[in-house]
*Asks:* 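Quick one: the structure is below, questions incoming.
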There are 2 protein chains.
Amino acid sequence: MARRSDHSREEIRAMALAAAQQIVTEQGFAALNARKIASAIGYTVGTLYLVFKNLDDLFLQLNARTLDDLHAALADTASAHADCEQRLKALAHAYVDFACEHTQRWELIFQHRLPPGETLPQWYQVKISAVFGLVEAALAELAPERSSAQVAEAARALWGGVHGICILALTNKLGVGGATSPRASVESLVTHYLYGFRALTGS
Amino acid sequence: MARRSDHSREEIRAMALAAAQQIVTEQGFAALNARKIASAIGYTVGTLYLVFKNLDDLFLQLNARTLDDLHAALADTASAHADCEQRLKALAHAYVDFACEHTQRWELIFQHRLPPGETLPQWYQVKISAVFGLVEAALAELAPERSSAQVAEAARALWGGVHGICILALTNKLGVGGATSPRASVESLVTHYLYGFRALTGS
DNA sequence: ACCTGAACACCGTTCAAGT
DNA sequence: ACCTGAACACCGTTCAAGT
C-alpha cells in the first residue's frame, strides 16, 4: 500500500507538531511517543521519519515553537511598560504566568535532553538568547553605568532565579506540603534583587 | 534454577542502589535501566522486583540518599560559619559545588518524575524540608523581626533562585554560547537579594 | 514517489517453573 | 523460599515491499 500524498511534507510536519503539542499538554511528557503522534494525524510511524530526523528533532522543533510563544508573550509585556523597573517585574510575572498556563509545554523545554555529546543547534540557542535579551535590555536601561558583561551576568542571576522558583514550585519540590504559588516568591526575588543591584555599585 | 541466598534482601537493596548510583554518575539518567542494574549486581531483573516496588521506587530511594548527602554537605558548611550572612553565602556556594561535583546524581532528583497523579511520599518530602530548613534557620537569624512565614517565603525565593541558576548553567540553557559558571551568578544573586532583604522592612 | 507495516533491538513488569 | 528466565505489552527506528 501507500502513495497517498493527501498532504505535503510541510503539512505533515505542521500536523505532527500540533498533535504532539496537544498530547504533551493533555497527558504530559511521559505519554508523548511516536506511535501516538502518528496515529493522531492518521499516518503510521514510518511517515514521521520522512519529515523528522528522529523524535529528538521533533521535540526540538516543538520546543522552538514554545520558545517563540514565550518570547512573544514577554515582548508584548515589555512593550507595555516604559519604566524599566516596572518592566522587569512585569516580565518576571509574565514568565510565571506562561509557566503556569502552559506548564507541560514549558516543562518539555527543560525535561527533554539530547543524547550525551550532542549539543543544541545554533538556531535553537538563538531563540533562548532572544528571551534573555529582553531581560538584558531592561537591566541595561536600569543601570546604564554597568558594562554589558555585568548586565549579562545580572540577567543570568535574576532570570535563573525566576526560572528556579517556577520549576521548584510547579514540580512540588519546594519543601512545604502542598504546591506553593511561585508568584509571591518571584515578587520577593525581583524586588530584593533589584534593590541590591541598584544600591551596590561594584558588580 | 534459583535459591541462592548469597545475599539478604537488605544486601541486594544496597548493592542495587550502589550500582544505580554508579551507572547514573558515569552514563546519565537515560542509560539507567533495570536490566543494567540487575546485571551489574549479578542478578536478573526479576530479583529487583522482590526488593523494590518498581523502578520509580528504586529511583526515589537513590534520590533520598543524594538528598542525605546534600544535607550533610550543607550542614557541615553551615556549622563552619557563625555570621549568618556569611553562612548563607557559604550555603549557596556549597549547593553549587555539590551540583557541579555530583551533577548526574543531583540532576536525577529533578529529572525523575512520578507518574501523573502520584505524589512524593511524606518521608521524602521531609528530606527536602530538611535542606530548606538550613536556609530558613540562617535567614531567621539574619532578620529576627520577620515572621516565620516571611522567612519561609524568602527561603523559597532565594533557594529557588540558587537552584535555577545551577540548572540553567549545567544544562546549558542560559542563552550564551558555551556553558557558564554558576558561581558568579549565585554570588550576584545572594549578595543583591540579601542587601534588599535587610534594607526593605515590609515583606 | 510516497507511505506502509512488519521487523529489530530494546524497554518495564510479571509470574510459572525450577532448585 | 528464593531466584530465574521466558513472556507480555510496550518503546524508537529502519526498510523492503506495495501502489
Side-chain angles (χ1 to χ4, degrees), chain A residues 1-21 23-24 26-63 108 111-118, chain B residues 1-21 23-24 26-63 108 111-118:
Chain A
M1 12 216 101
R3 176 178 194 100
R4 313 195 336 192
S5 233
D6 291 346
H7 306 95
S8 70
R9 250 173 169 64
E10 182 51 43
E11 283 172 328
I12 291 176
R13 178 180 167 278
M15 288 161 64
L17 288 175
Q21 177 166 325
I23 292 164
V24 79
E26 293 173 356
Q27 304 168 247
F29 180 38
L32 193 55
N33 64 59
R35 282 169 176 86
K36 205 180 276 185
I37 296 167
S39 94
I41 65 172
Y43 281 82
T44 58
V45 245
T47 304
L48 288 181
Y49 290 81
L50 282 136
V51 177
F52 300 97
K53 187 168 162 278
N54 50 34
L55 271 198
D56 282 328
D57 180 33
L58 193 158
F59 290 173
L60 216 59
Q61 295 195 33
L62 183 54
N63 285 339
L108 185 65
Q111 281 202 256
H112 177 241
R113 302 288 167 84
L114 292 177
E118 284 189 43
Chain B
M1 16 216 101
R3 178 183 191 97
R4 313 194 335 189
S5 232
D6 291 347
H7 306 94
S8 69
R9 252 174 167 65
E10 182 50 44
E11 282 172 330
I12 292 177
R13 178 181 168 276
M15 289 161 64
L17 289 174
Q21 177 166 326
I23 292 165
V24 79
E26 291 172 358
Q27 303 169 248
F29 179 37
L32 193 56
N33 64 59
R35 281 170 176 84
K36 205 180 278 184
I37 295 167
S39 95
I41 64 172
Y43 282 81
T44 56
V45 244
T47 303
L48 288 181
Y49 290 82
L50 282 134
V51 176
F52 301 97
K53 187 169 162 277
N54 50 34
L55 272 198
D56 283 327
D57 181 32
L58 193 159
F59 290 173
L60 215 59
Q61 295 195 33
L62 183 54
N63 285 338
L108 185 64
Q111 279 201 260
H112 176 243
R113 302 290 166 84
L114 291 178
E118 283 189 44

*Asks:* What's the spacing between Y49(A) OH and T47(A) OG1 if we round to 0.5 Å?
*Replies:* 11.5 Å
*Asks:* Rounding to an integer number of Å, can you tell me how far L50(A) CG sits from dT4(C) P?
*Replies:* 9 Å
*Asks:* Atom CE of M15(B) to atom P of dC3(D): distance rounded to whole Å?
*Replies:* 10 Å
*Asks:* Counting only heavy atoms and a strict 4.0 angstrom limit, can you tell me which residues of residues 38-47 of chain A come near DNA chain C?
*Replies:*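 The stretch gives Y43(A), T44(A), G46(A), T47(A) as the residues lying under 4.0 Å from the strand, ordered by number.
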*Asks:* Just how far, in rounded Å, is P of dC3(D) from CZ of F52(B)?
*Replies:* 14 Å
*Asks:* Measure CZ/F59(A) against P/dG12(D) and give the value in whole Å, please.
*Replies:*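 F59(A) atom CZ is separated from dG12(D) atom P by 7 Å.
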*Asks:* Counting only side-chain N and O atoms of Y49(B), is one of them less than 4.0 Å from OP1 or OP2 of dT14(C)?
*Replies:* no
*Asks:* Could you state the CG-P distance from L55(A) to dT14(D), rounded to the nearest angstrom?
*Replies:*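 Interatomic distance, CG of L55(A) to P of dT14(D): 11 Å.
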*Asks:* Hey, which sits more toward the 5' end of DNA chain D by its nearest nucleotide, N54(A) or D6(B)?
*Replies:*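 Mapping each residue to its closest nucleotide by heavy atoms, the 5'-most match is D6(B).
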*Asks:* With both distances kept under 3.5 Å, what pairs with dC10(C), Watson-Crick or G-U wobble?
*Replies:*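 dC10(C) is unpaired by these criteria.
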*Asks:* Which distance, rounded to the nearest 0.5 Å, do you find between the CG of L50(A) and the CZ of R13(A)?
*Replies:*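 L50(A) CG to R13(A) CZ: 14.5 Å, rounded to 0.5 Å.
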*Asks:* In this structure, how many angstroms lie between the P atom of dG12(D) and the CG atom of N33(B), rounded?
*Replies:* 15 Å
*Asks:* Has the side chain of K36(A) got a donor or acceptor atom that lies under 3.5 Å from a matching backbone atom of A31(A)?
*Replies:*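 Yes, the answer is positive, given that a donor and an acceptor are paired below the 3.5 Å cut-off.
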*Asks:* Return the 5'-most residue of the pair K36(A), K53(A) with respect to DNA chain D, ranking by each residue's nearest nucleotide.
*Replies:*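 Looking at the nearest nucleotide for each, K36(A) comes out on the 5' side.
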*Asks:* Flag the pair F52(B) / F59(B) as yes when at least one side-chain heavy-atom distance between them is below 4.5 Å, and no otherwise.
*Replies:* no
*Asks:* What is the pairing partner of dC3(D), taking Watson-Crick or G-U wobble pairs with both distances under 3.5 Å in any strand?
*Replies:* none
*Asks:* Rounding to a whole Å, what distance do you find between D56(B):CG and dT13(C):C1'?
*Replies:*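 It works out to 12 Å between those atoms.
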*Asks:* Nearest whole angstrom, please: distance from the C1' of dC3(C) to the CD of E11(A).
*Replies:* 16 Å
*Asks:* Apply side-chain contact (heavy atoms from CB on, under 4.5 Å) to the pair Y43(A) and D6(A), showing each step before the final yes or no.
*Replies:* CA-CA 11 Å; Y43(A) 281 82; D6(A) 291 346; 3.9 Å; yes
*Asks:* Measuring from atom NZ of K53(B) to atom CD of Q61(B), what distance do you get when rounded to the nearest 0.5 angstrom?
*Replies:* 11.5 Å
*Asks:* Using a 4.5 Å cut-off on heavy atoms from C-beta on, say whether the side chain of M15(A) contacts that of H7(A).
*Replies:*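 Yes, their side chains come closer than 4.5 Å.
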*Asks:* Which listed nucleotide (dC3(C), dT13(C), dC2(D)) is nearest to the side chain of R35(B)?
*Replies:* dT13(C)
